[in-house]
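Structure first, then comments.
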Amino acid sequence: MSGLTIDHISHSYDGGKTVLQGVNYHVGDGEFHCLVGRSGCGKTSFLKIASGLMKAEVGHILLDGQQVLKPIADAGFVFQSPTLLEWKTVLENVLFPIELKRKSTLEEQDRAKALLELMKIEQHTYSFPLQLSGGQQSRVAIARALIKNPQYLFLDEPFAALDAITREELQDDLLALCAHHQMTVLFITHDIAEAIYVADHVLVMEEGKIVHTETIDLPKPRTLDTRYSSRFNELGFVLRQALEGVPVK
Amino acid sequence: MSGLTIDHISHSYDGGKTVLQGVNYHVGDGEFHCLVGRSGCGKTSFLKIASGLMKAEVGHILLDGQQVLKPIADAGFVFQSPTLLEWKTVLENVLFPIELKRKSTLEEQDRAKALLELMKIEQHTYSFPLQLSGGQQSRVAIARALIKNPQYLFLDEPFAALDAITREELQDDLLALCAHHQMTVLFITHDIAEAIYVADHVLVMEEGKIVHTETIDLPKPRTLDTRYSSRFNELGFVLRQALEGVPVK
Amino acid sequence: MKWAPVFSSFVFIGLVTVWELAARSMSELVLPAPSIVFPLLWTELKTGYFTPHLIQTGIEVIAGLFIGSLLGFLLGVFMGEFPWLRSLLSPYVIASQAVPKLALAPLFVLWFGFGMTSKIVITAMICFFPLLENTMTAMQRIDRDKENLFRVLHATRWETFIHLKIPEGLPSIMSGLRVAVVLALVGAVVGEFIGANKGLGAMIIASQGMMDTPLMFAVLILLTVYGMLLYGLVILIEKIVFAKYLYWGERK
Amino acid sequence: MKWAPVFSSFVFIGLVTVWELAARSMSELVLPAPSIVFPLLWTELKTGYFTPHLIQTGIEVIAGLFIGSLLGFLLGVFMGEFPWLRSLLSPYVIASQAVPKLALAPLFVLWFGFGMTSKIVITAMICFFPLLENTMTAMQRIDRDKENLFRVLHATRWETFIHLKIPEGLPSIMSGLRVAVVLALVGAVVGEFIGANKGLGAMIIASQGMMDTPLMFAVLILLTVYGMLLYGLVILIEKIVFAKYLYWGERK
Amino acid sequence: NQGNHSEEGSEDEKARKLRMASWSQPITEQINLLAEEKSYFKDQQIELEFIPGAGGGDAIKNIASGKADIAFTDPGSLFAALDKGEKLVVLYDIYPQNVFNIVSLQANQLTKPQDLKGKTIGVYSLSSGTRQNLLVMLHHAGLSEEDVTIVETGVLNFAPLMQGRVDATAATDTGLATGIAKGLEDVNVMEVKDHFNYSSDLFVVTEDTYEQKKEEILAFLEGYRKSVKWMMDQPEEAAALAVKYAIDGKDEAHNLAIIELRNASALPSTGDDKQLGVIDLPNLQEAADLYFELGLIEHKLDLTTIVPSEFIAKK
Ligand SMILES: Nc1ncnc2c1ncn2[C@@H]1O[C@H](COP(=O)(O)OP(=O)(O)OP(=O)(O)O)[C@@H](O)[C@H]1O
Ligand SMILES: Nc1ncnc2c1ncn2[C@@H]1O[C@H](COP(=O)(O)OP(=O)(O)OP(=O)(O)O)[C@@H](O)[C@H]1O
Ligand SMILES: Cc1ncc(C[n+]2csc(CCO)c2C)c(N)n1
Ligand SMILES: [Mg+2]
Ligand SMILES: [Mg+2]
């Protein structure tokens, strides 16, 4: 079976409270899945396990039928915090996934610069991370995740530190990129509108369980009109409903 | 003159590019001001300078007519990153502003617990920061900022890591608290709706300048109805307009 | 890893065997065999022959370590906090380290007498430096976000120090202390070389005079055990008292 | 602070004056006056009397430091990375430190001869420990977020080491190196105490035999200057080569 | 009744404190200084404090700094201190018989000093009496430092000899005895005293101390003489006491051997044991002149002003 299968995952940290409780899910190839849920419900834990970064206590992850035992190779990651290397410039940080293994080629350097331009931080190409604002740092992290043109993307609230407008611009850019490269994406966000705008499927998590899944039947490519369509509002309402009612942890 | 006066502030880091260019502003006592602007426009720098945390290269800050030379004393701060002390429990972190100077009283401990409840992280009272999710950490930081019941609040994207619903709940809680204690607030957000919902005044910053100020004439207290009022939408449109058009840095 | 201690014992036994074989082909004067050294060590421990010496050196080490590490820590703090103090004092600190203590023996005796004081001073002088360096480094390496938090809370220099710099610097400070405890031992022994009639250092000199190499090796083994105990103690303190400061990014 | 060097000079002059006064009331055998030591130092430097000794000790320090710090660094890396190796080796490491080198001198001479080798070995043995400890601590203290990044990038242990642990650990490693350079000096000198006819340590012994305390103090001053140079060199390397790794939360 | 005696003394006249700086730790060969229960010094109303050192230089430095009154030191250190202008007084020749020697394995066939030419010879350290006495020996064989290779071996100096790292090693009689007891065998020994017999150790004080504490010093010397006599008369008792008082006195039989060697070296060159400690000034002067000739000191010394006539052996 192709795609990413999350097979009956349960997890607790250090034998503490269970943070994931028997989660089953499937992410098909080339699909864009958004994970929403209240703060502390287990989204990050789910993403870490689904991507192979963390081992679940119970259950396992299959990628194209193969068990995932270490972080998926052909994947780009954005963690909840930017996690840049402070002693490298922005450009070096973006190129780092490549440079870790070998010298980068001129094309790759150009690609890195293009990504920085896409992320609108080309002015800071040679700055160091600590000279950047919070939102600028998170954009560098996104560029880094994309540098190797990965097949899979695991993004944990990548746009959380960005203003509404930049965020919307980047949503479009990301969608374009994903469509172009047929990427399979698992995307955590706390912005329902964002989830609906970018996703093919939205899953709602609550206290370590998936309580709702919603297929987003909005036409593609998404445009400004999408945001003002009534279906968009409807979906927003449905997802809010799914999210509400349960007290946040 | 009462209130906080930002008097012709200019700043650049290390003699680099100017990030604030002759900013003038006034925050009246008991007012709630929201600062919006694109990522990297200088919001955090403005907040740091306005609160006395950082010295501007040019210009000065006046609080009730007195020049501000160090961080304002009776103020609560939330930085863009949670900045918790990893070796203290959540409760200890919240009580820290008190414990730094003296032993906390039982009432204060109760107050800390009440704040944690308000922030919906009472389950994690005795956890350590690194055992919390991103959103939980930022809520601890908010509780810490409120523990001393400050007269002034400086909040840098306090709700950025929170899901839509928690965020809205906390907005109401914050507004109630501020109204009750007549706090003067400077609040950075990248969510226009949030800005309109909570603020008396919204200022829009662009490339280190205040390009627009908007008085929010929505009735108080704000309720769910506020969000669905047409004036709310109007204001949103105006602010979006003010924000757009200039390329992000 | 349950086999780790087993493996350790094998390595130990292997080393002792090599030592035994090497010693067989050699005069006892040069290298006494473990089969001579260990029984000697054991009997002399039982007869209490070593006891006063162990106590003497122990007291010197504890006292010297206490004074030295306190001094190293405090100087490290101040030199880390005040750059002018750093540039003022570091030549003298370096002098105190670069100069071999043995050469200064007569001066130590002059200033501190023949008794334990001069040994304690030497011990303190030898062990304070690693702690100073590591504390100094720890003082300077503080997360700026956290520093901002403390500024905002109007923390005094002292409060920042107690609540931020110490907790954040603990791993580094403790690694300085681990070096210091072992050096303290050397310090006490070298101090006793200068002219003492009690203590493990004095025993080494005496055993050399007697050409009693087995005795000397027994003393060296005692020193090693002492060192391991002190080192283990520091690790224990670290594990028990300071555990919560030794987080690394995330608790597992 | 422009007055800092002025103040420093005052302190220095003050100390020398105190020394001079103290020496006046004392036999030259015990404490020679600076007014005797410094001119002697100067003339002997000019006549080139010290030159071969300075070179000898210099070579030993450099070689010993190189070997010792490399060893300390490598052992620190491995012992930091592999807990079983740590528990396996630390007893021997502690033994190597707790045992005074002077006592082992005959064995060193036996194994490494009377030449420079034994001095270099002693130097290396003395200076490797602080580096080992600090490197070990640095290896273990890694931000878990960054570690996740490296895991996600399928970094090998080696790559993680080179690109994460080293850069992150540099401040700590460098403070170990600062201790090591100064200890290396002591190591070389102590090594020369045992069986050398060249080098500053041999000069100290010779000057003691001739009861030429002024000469001995001149040598001690040379040692201090050497120590300061080496220490300064490390700081220079740190400032120039490694500056970008010494960020603290935020660049000012 | 000895106990009685000392109690009396402390009542009459409070015991006078005297600090003696030794070149060594409290060792067997100095048992007469250590055995408190024999009270040779208490009987002289002297309360003796033994100050350990690491070499004859330490002993002199300790009196120079006023931390001790009397130094138990070797002529080399004495000459060096005089050479540096120190004002000292020599009182007593502790070991008029030279105790130094050159030891080699019989296999090396080194029987006379001339054989040492071109050889590698070990000494304790470059600042030690072993080196100085080796030079004296070489000088008497018409050799100099350039004709041999001198290496430092530390105190365990027979180890490199047995390992073949050196051809010969300079040592002392007690060192040799200890070495042999520890398994050194088949050795040739050349003794320095067969070529030039001069003092091995002396009691030395500073001029100031000599003036201020003359009484006590004379009392001390008197006590010391008596204690030496005791050590010569009762070597077994001394050997037994060394087990208790000396840091290296573990083995009583070996203690006896050491004590007997020291008793022999303590005999005056005149051979008259009534004259314990008298100084043979011409001999000492000759030694000083030789040290100068050997380059061990920079100035020619005149010892006549250094040794009060009352301590000089009358021919
Ligand atoms: N410590 C620093 N050193 C140098 N430049 C800095 C530093 N901090 C911020 N800057 C620069 O100043 C500008 C404004 O930064 P600031 O943090 O105020 O932005 P911001 O509006 O808060 O952005 P964001 O919404 O992304 O947090 C940015 O271009 C940034 O690169
Ligand atoms: N390292 C850890 N050790 C112990 N508990 C943890 C750890 N990380 C997370 N948790 C707990 O697991 C739960 C889920 O955390 P997780 O980070 O997955 O939440 P999240 O949905 O990503 O929240 P947020 O939106 O706030 O980031 C939380 O209750 C948190 O307290
Ligand atoms: C009987 C006797 N044996 C050995 C020595 C030792 N010694 C002789 S010279 C010297 C060095 C002086 O710095 C030392 C330590 C001694 N004095 N007397
Ligand atoms: Mg999360
Ligand atoms: Mg900001």
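We name chains A, B, ... by the order of the sequence lines, and we start the count at 1 in each one.
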Interface moiety of [X] toward chain C, non-hydrogen atoms closer than 4.5 Å:
X        : value
D:Met216 : side chain
D:Leu200 : neither
D:Ser8   : both
D:Ile204 : side chain
D:Ile221 : neither
D:Val30  : both

Which of [options] touches chain D most, by non-hydrogen pairs under 4.5 Å:
options                              : result
C:Tyr226, C:Phe12, C:Tyr92, C:Phe193 : C:Tyr92
C:Arg178, C:Met228, C:Glu147         : C:Arg178
C:Val186, C:Leu185, C:Leu88          : C:Leu88
C:Gly227, C:Ala103, C:Ser96          : C:Ala103

Pick whichever of [options] has the most heavy-atom pairs under 4.5 Å with chain C.
options                               : value
D:Leu230, D:Val189, D:Asn134          : D:Asn134
D:Val182, D:Val99, D:Leu223           : D:Val182
D:Ala184, D:Gly232, D:Pro91, D:Ser172 : D:Pro91
D:Ile126, D:Leu220, D:Ile94           : D:Ile94

* Is atom CZ of D:Phe82 surrounded by more than 12 heavy atoms (other residues, nucleotides or ligands) closer than 6.0 Å? -> yes
* Check C:Ala95 against D:Thr224 and note the closest heavy-atom contact, atom names and distance. => CB-CG2, 3.2 Å
* To do: Taking the side chain as every heavy atom from C-beta outward, state whether D:Leu183 and C:Leu183 have any atom pair closer than 4.5 Å.
  => yes
* Asked: Can you pull the salt bridge (Lys or Arg N to Asp or Glu O under 4.0 Å) pairs that have at least one residue in residues 80-92 of chain D, sequence neighbours excluded?
  -> D:Glu81-D:Arg157, D:Glu81-D:Lys165
* Using 30° and 60° as the class limits, which term best fits the ring planes of C:Trp84 and D:Phe7: parallel, tilted or perpendicular? -> perpendicular
